[in-house]
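So you know, we letter chains A, B, ... as the sequences are listed, proteins then strands, and number each from 1. Keep in mind it's a predicted model, so treat the numbers as computed, not measured.
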Amino acid sequence: MLKIYNTLARDKQEFVPIVPGKAGMYVCGMTVYDYCHLGHARVLVVFDMVYRWLKASGYDVHYVRNITDIDDKIIKRAAENHESIHALTARFIAAMHEDADALGVLHPDREPRATQYVPQMLEMIGRLEQNGLAYRAADGDVNFAVRKFPGYGKLSGKSLEDLRAGERVEVADSKHDPLDFVLWKHAREQEAEEVKWDSPWGKGRPGWHIECSAMGSQLLGKHFDIHGGGADLQFPHHENEIAQSEGAHHCKFVNVWMHNGFVNVDKEKMSKSLGNFFTIREVLKKYDAEVVRFFILRAHYRSPLNYSAAHLDDAKGALTRLYTALKGAPPSPALPPEGGSLLPSPIGGGTEGGGGGVDWNEPHAQRFKSAMDDDFNTPEAVAVLFELANEANRSQSVEAAMQLKALGGVLGLLQRDSVEFLQAGTAVSELEDAAINAQIEARIAAKQAKNYAESDRIRKELLKAGIVLEDSAAGTTWRRA
RNA sequence: GGCGGGGUAGCAAAAUGGUUAUGCAGCGGAUUGCAAAUCCGUAGACGCCGGUUCGAUUCCGACCCCCGCCUCCA
């Protein structure tokens with residue numbers, strides 16, 4: 001039985017899908033005006049893990065992750081670059097896909113862009129106006145009237161009084177209430193035609209919050225199962241989504257709200273404004289993408305995750321242990337189809353996923369399942385992986401190794417060939433495989449001649465270049481430190 | 001100020017009212033020409049003060065400290 005922490009309830013609750021056997025999930029994705037940083041990586045990986053676990057649990061999942069391709073920052077950046085917003089967003093959407101693929105993130109079922117759903121947004125704004133929840137302000141904007149919506153604040157646990165008391169926003173005169181937010185922004189003279197759409201309220205463009213309400217209900221229905229995003233979206237973004245959706249449709253919007261914790265740097269949230277962010281591609285120059293994925297999944301999704309080189313090194317060492325245990329495992333039956341990993345057969349049978357299947361009756365798998373069912377407790381699930389690695393090492397059991405690999409696959413990990421992982425490099429100037437092998441040959445010759453001084457010299461030299469040699473009965477192998 | 005989340009061994013990170021988390025690092029041993037890897041064993045913890053309890057890191061209360069949201073933000 002899967003339990004999920006629901007922000008709306010402030011508690012873990014049993015997941016009960018609206019339609020038995022199906023799950024609809026919407027996650028707020030990126031605003032594409034720059035490269036994704038590690039904070040974005042966390043959302044991508046965390047909800048990819050949720051998506052995979054729901055699938056592994058046998059749900060027919062419909063996963064929607066949107067792209068915000070029209071907003072103030074995009075307009076600003078495009079103007080700075082002297083390029084169209086289309087050119088700008090196209091570039092960063094491509095970059096985001098590259099980053100997501102590298103991290104083993106499966107493609108969502110749908111990836112709607114805000115600019116493709118303007119008609120649906122207009123329709124929704126019209127409904128809100130009809131329902132007396134939207135009004136046209138003096139400046140031409142259409143705003144949502146927060147105080148007309150009774151449930152406002154239920155997600156974030158804020159009351160309108162509290163919000164007003166601590167108010168730090170400069171009040172836009174045109175708003176009836178300082179907390180009202182914009183649904184439709186009137187067009188500005190100087191703006192490009194590209195960012196102007198016709199509407200019953202004049203030319204303009206959508207406010208940020210309305211896109212998720214419109215796309216969510218369009219693609220998943222007016223009422224769906226799971227909505228996720230970073231913890232910083234809880235308020236106001238998700239609060240506003242609820243107000244818009246429920247205000248327009250008069251029915252519950254989302255059953256389960258999930259929010260992932262931040263990536264921190266020196267205990268502070270990684271963010272653009274603080275300038276303490278690291279882009280995914282920057283980090284991937286130094287660290288293997290799977291190490292980054294493992295680093296993220298090793299912490300619980302709701303906990304803060306502190307980023308530092310030392311922590312990534314630690315994650316690398318841990319993942320190396322897992323892959324080392326996989327050395328004796330048979331090679332993968334096939335490469336995964338889309339940048340990710342094999343999806344093992346769903347719990348309770350089924351053959352989908354082929355040879356990557358998990359034996360769910362095995363004790364480790366049962367513990368793994370219990371952990372994942374307990375609000376996606378990946379740290380616990382990963383601990384089970386290490387116990388399986390120990391088992392595989394101790395007993396030299398191929399079954400244990402295969403089970404390890406299969407369970408790792410549920411998290412999108414451990415699907416590469418072990419040697420490939422252990423020898424994978426990331427630095428620019430590295431020894432070629434041929435050079436390494438030549439050195440190894442030379443060392444073997446020295447060893448056979450009992451010239452240990454020479455063999456040790458060669459090993460030390462390789463170690464300086466980051467190459468660790470391992471002698472065994474089967475011969476000498478190498479990996480990168 | 002309002003609301004919310006935390007403080008676990010050297011580092012990272014879970015669970016749990018009484019019994020081994022787990023990974024890295026440490027220590028002892030096995031193995032190795034020496035190593036590495038691996039295995040076996042071992043040490044080390046629950047912010048502070050009270051309370052409940054036969055027993056609390058785990059429940060309750062006070063306190064100290066950290067972080068987040070309240071403004072665009074994953």
Side-chain angles (χ1 to χ4, degrees), chain A residues 7 10 27-31 33 36-47 68 71-73 76 153 156-159 161-170 179 208 228-237 239 259-264 267-274 277 294-295 298-300 302-306 308 310-322 324-325 327 367 370-371 374 377-387 389-390 392-396 422 447 450-453 455-456 459-460 463 467-473 476-479 481:
Chain A
T7 305
R10 263 144 244 280
V27 171
C28 290
M30 264 33 93
T31 299
Y33 69 102
C36 294
H37 64 230
L38 239 35
H40 301 116
R42 192 173 190 189
V43 194
L44 290 168
V45 169
V46 159
F47 287 101
T68 299
D71 97 316
D72 288 353
K73 277 173 293 192
K76 184 164 173 268
S156 53
K158 298 173 192 303
S159 71
E161 292 81 56
D162 291 343
L163 285 165
R164 287 192 193 108
E167 189 193 309
R168 280 158 40 187
V169 205
E170 75 288 4
L179 293 162
W208 175 38
D232 46 2
L233 298 185
Q234 188 180 327
F235 188 89
H237 184 54
E239 193 71 64
H259 294 97
N260 66 273
F262 302 125
V263 175
N264 293 159
K267 301 216 167 186
E268 274 191 325
K269 177 185 172 186
M270 180 181 289
S271 72
K272 297 253 169 166
S273 48
L274 282 169
F277 62 91
F294 179 79
F295 166 69
R298 207 182 181 206
H300 187 84
R302 284 190 282 115
S303 302
L305 178 60
N306 220 35
S308 76
H311 293 159
L312 240 23
D313 287 338
D314 192 58
K316 181 188 177 181
L319 188 59
T320 297
R321 174 169 163 79
L322 256 20
T324 301
K327 266 184 162 176
R367 284 190 46 212
S370 302
D374 183 13
N377 191 339
T378 54
E380 182 78 35
V382 166
V384 172
L385 258 30
F386 281 101
E387 284 165 28
N390 178 257
N393 286 331
R394 190 173 7 132
S395 63
Q396 290 299 300
L422 295 171
K447 272 178 68 173
K450 305 254 185 225
N451 185 353
Y452 293 123
S455 72
D456 287 352
R459 185 171 53 214
K460 275 182 191 162
L463 190 58
I467 308 298
V468 179
L469 296 187
E470 298 180 342
D471 294 337
S472 76
T476 300
T477 56
W478 65 273
R479 64 184 169 87

Nucleotides 6-9 of chain B: which of its N/O atoms have a protein N/O under 3.5 Å away?
none

message: I'd like to check the ring-ring contact (aromatic ring centres under 6.0 Å, His included) partners of F277(A); sequence neighbours left out, ordered by chain and number.
response: H37(A)

task: State whether the distance check finds a donor on one side and an acceptor on the other, under 3.5 Å, for side chain K269(A) versus base rC67(B).
output: no

- prompt: For S395(A), what residues pass the side chain to side chain contact (heavy atoms under 4.5 Å, CB included) criterion, not counting sequence neighbours?
  reply: E391(A), S397(A)

- request: Please list, chain by chain and in numerical order, all residues satisfying salt bridge (Lys or Arg N to Asp or Glu O under 4.0 Å) with K327(A), sequence neighbours excluded.
  value: E470(A)

message: W208(A): which residues meet the ring-ring contact (aromatic ring centres under 6.0 Å, His included) condition with it, sequence neighbours left out?
response: H237(A)

task: Kindly say if R394(A) contacts the phosphate of rC40(B), meaning a side-chain N or O under 4.0 Å from OP1 or OP2.
output: yes

message: Just to be sure I understand: a Watson-Crick pair is purine N1 to pyrimidine N3 plus N6-O4 or O6-N4, both under 3.5 Å. Using that and G-U wobbles, which stems of three or more pairs involve RNA chain B?
response: B:1-7 with B:64-70, B:10-12 with B:22-24, B:26-30 with B:38-42, B:49-51 with B:59-61

query: With the sugar-phosphate defined as primed atoms, P, OP1 and OP2, and the base as all remaining atoms, what B/S/- string results for nucleotides 22-29 of chain B, 5' to 3', for protein heavy atoms under 4.0 Å?
result: SBS-----

query: Any side-chain N or O of N377(A) under 4.0 Å from OP1/OP2 of rA14(B)?
result: no

message: So, using side chain to side chain contact (heavy atoms under 4.5 Å, CB included) as the criterion, who are the partners of K447(A) when residues are at least two apart?
response: R443(A), Y452(A), S455(A), D471(A)

statement: By side chain to side chain contact (heavy atoms under 4.5 Å, CB included), D71(A) pairs with (sequence neighbours left out) T31(A), T68(A), K73(A), I74(A)

Set of salt bridge (Lys or Arg N to Asp or Glu O under 4.0 Å) partners for D456(A), sequence neighbours left out: R459(A)

message: Can you check the distance between rA9(B) and rA15(B), where both ends of the measurement are the C1' atom (answer in whole Å)?
response: 16 Å

message: Over all strands shown, is G29(A) touching base, sugar-phosphate only, or nothing at heavy-atom distances under 4.0 angstrom?
response: sugar-phosphate

Contacts of type side chain to side chain contact (heavy atoms under 4.5 Å, CB included), residue V45(A), not counting sequence neighbours: L103(A), V105(A), R293(A), I296(A), L297(A)

At a cut-off of 3.5 Å, list every protein nitrogen or oxygen paired with a nitrogen or oxygen from nucleotides 32-35 of chain B, distance to 0.1 Å.
residue : atom : partner : partner atom : Å
rG33(B) : O6   : R443(A) : NH2          : 3.4
rG33(B) : N1   : D456(A) : OD1          : 2.9
rG33(B) : N2   : D456(A) : OD1          : 3.3
rG33(B) : N2   : D456(A) : OD2          : 2.6
rC34(B) : O2   : D456(A) : OD1          : 3.3
rC34(B) : O2   : R459(A) : NH2          : 2.0
rC34(B) : N3   : R459(A) : NH1          : 2.8
rC34(B) : N3   : R459(A) : NH2          : 2.8
rC34(B) : N4   : D471(A) : OD2          : 3.1
rA35(B) : N6   : D471(A) : O            : 3.2
rA35(B) : N1   : D471(A) : N            : 2.9
rA35(B) : N3   : R459(A) : NH1          : 3.2

- prompt: Under 4.0 Å between a side-chain N or O of W478(A) and OP1 or OP2 of rA37(B)?
  reply: no

